[in-house]
Amino acid sequence: MICENLGVNSLGHLTFGGMDTVELAEKYGTPLYLMDENRIRHNCRTYINAIRKYFGENAGCLYASKACSFKRLYEIVREEGFGTDVVSSGEVYTALKAGFDLKNAFFHSNNKTDEDIAFAIDNGIGYFVCDNLEEVMAISETAAEKNVTQNILLRLTPGIDPHTYEAVNTGKVDSKFGSAIETGQAFEITKTALSLKNIRLCGFHCHVGSQIFDSEIYIRSSEIMLEFIARVKAELGFEAEILDLGGGYGVRYIDSNPYIDIDKNICELADFMKKTVAQLNIKMPRIYLEPGRSIVADAGMTLYTAGTVKKIPGYKNYVSIDGGMADNPRYALYGSYYSVRSATRPEAPCDMVCTLAGRCCESGDLIQENIRLPHDIKRGEKIAVLTTGAYNYSMSSNYNRLGKPPVVMINDGKDYVAVKRETLDDIIRNDI
Ligand SMILES: *Cc1c(COP(=O)(O)O)cnc(C)c1O
């Protein structure tokens, strides 16, 4: 199967983290997000062990919490020695309420509001990762008003298009994120940041994309960033302490997606960077990586109950479920792939090509097209959509006034609720 935390038990039911998914669906109802705590911890350890082994003890990992954000998750990643990325006051607040030390939090986004900036500074945010010059100025002003010196990194655009699967110098300079090195804006913003009294520039950041399988992308972007650091050292006399290389490692949604050996990737990256800093005559900055998807994706699964099975002879078969784009908008948004199984009968022959359709009033509300399920699937059968731990719960909505599903955690044969199911009263709680 797509991930080693999946299995089949003696009842013939699909298991996840060793637990019977049909039993869990009956206990908690559907739609249901399941998360395997051990898998989250395993994924965290893979990163943290590798980054410390190859880049030294002061290198670190930040969990990009936009991938999946709720209190318990911040506790788990903190326990695993991670810092975190946040992108809104909502994420800052959630992390804070989880007891996360915000000194280890990095505030991203291409457009932080004045309220975000003030709120994050008031709560002792460790670093802002500044996207552009206006933002540096806004943070500088707020820091001056509050009489603090604020640590920042600058987000730069190294000019790499990860989806051509090759390093090119021009692509992605037009991104909405960051300041481009190629246009000279990165150098200008660095000069300005260094001149501001209430700002302490600590280094640079880049994030070239997501669901990346080609390790060459990281090598190439690290090279461009290190060359920039060397130039800034030579021309401005400032040597960056921190280099944050972003997240983006790909995960396996379907069988044709390759495995990524994170340890090997980080090892090769470190080898390359050690050689490069020596050639450029700069010191190795403190390195951060910011995985999101690859921490939580395969630690998640969504369980649904099948409803209508509609066969349109000569056309298409639809299996409709009791969730949809409200709990997983990713296929509707950008055609993401997922693997789908009957949780009730994962070993039954999958002899019917069909589309898994959501219940929302929107033709585009599909979870996946051209998948295979048993031809005699019927109302009431439990269906599992795999690898939904990233960008599902965090992107969920109340479209059609559907309540958000609960998040149930699995840990060593036990299950517990980390996020409650939204009730009908939750749906109207802000209606006057
Ligand atoms: C989204 C994002 C990440 C995480 O990306 P994944 O593909 O989920 O690993 C890391 N850093 C930044 C700045 C991001 O925007």
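Counting convention: from 1, in listed order, for ligands and their atoms alike. Every value quoted in this text rests on a predicted model; they were computed, and no experiment measured them. Throughout, numbering of the chain's residues begins at 1 and tracks the sequence.
Taking a heavy-atom cut-off of under 4.0 Å, ligand 1 is surrounded by A64, K66, D85, H108, R155, H205, H207, S210, G247, G248, E290, P291, G292, R293, Y391.
Remark: D322 engages no residue in a salt bridge (charged side-chain N to carboxylate O under 4.0 Å, His left out) (not counting sequence neighbours).
A side-chain N or O of R293 and one of S210 form a donor-acceptor pair less than 3.5 Å apart. Between the side chains of S342 and E381, at least one donor N or O sits under 3.5 Å from an acceptor N or O. Side-chain contact, N123 with Y93: no donor N or O sits under 3.5 Å from an acceptor N or O.
The nearest pair of heavy atoms linking R421 to Y28 is NH2-O, 3.2 Å.
Ion pairing of K146 with D122 is present here, as a side-chain N (NZ or NE/NH1/NH2) and a carboxylate O approach within less than 4.0 Å.
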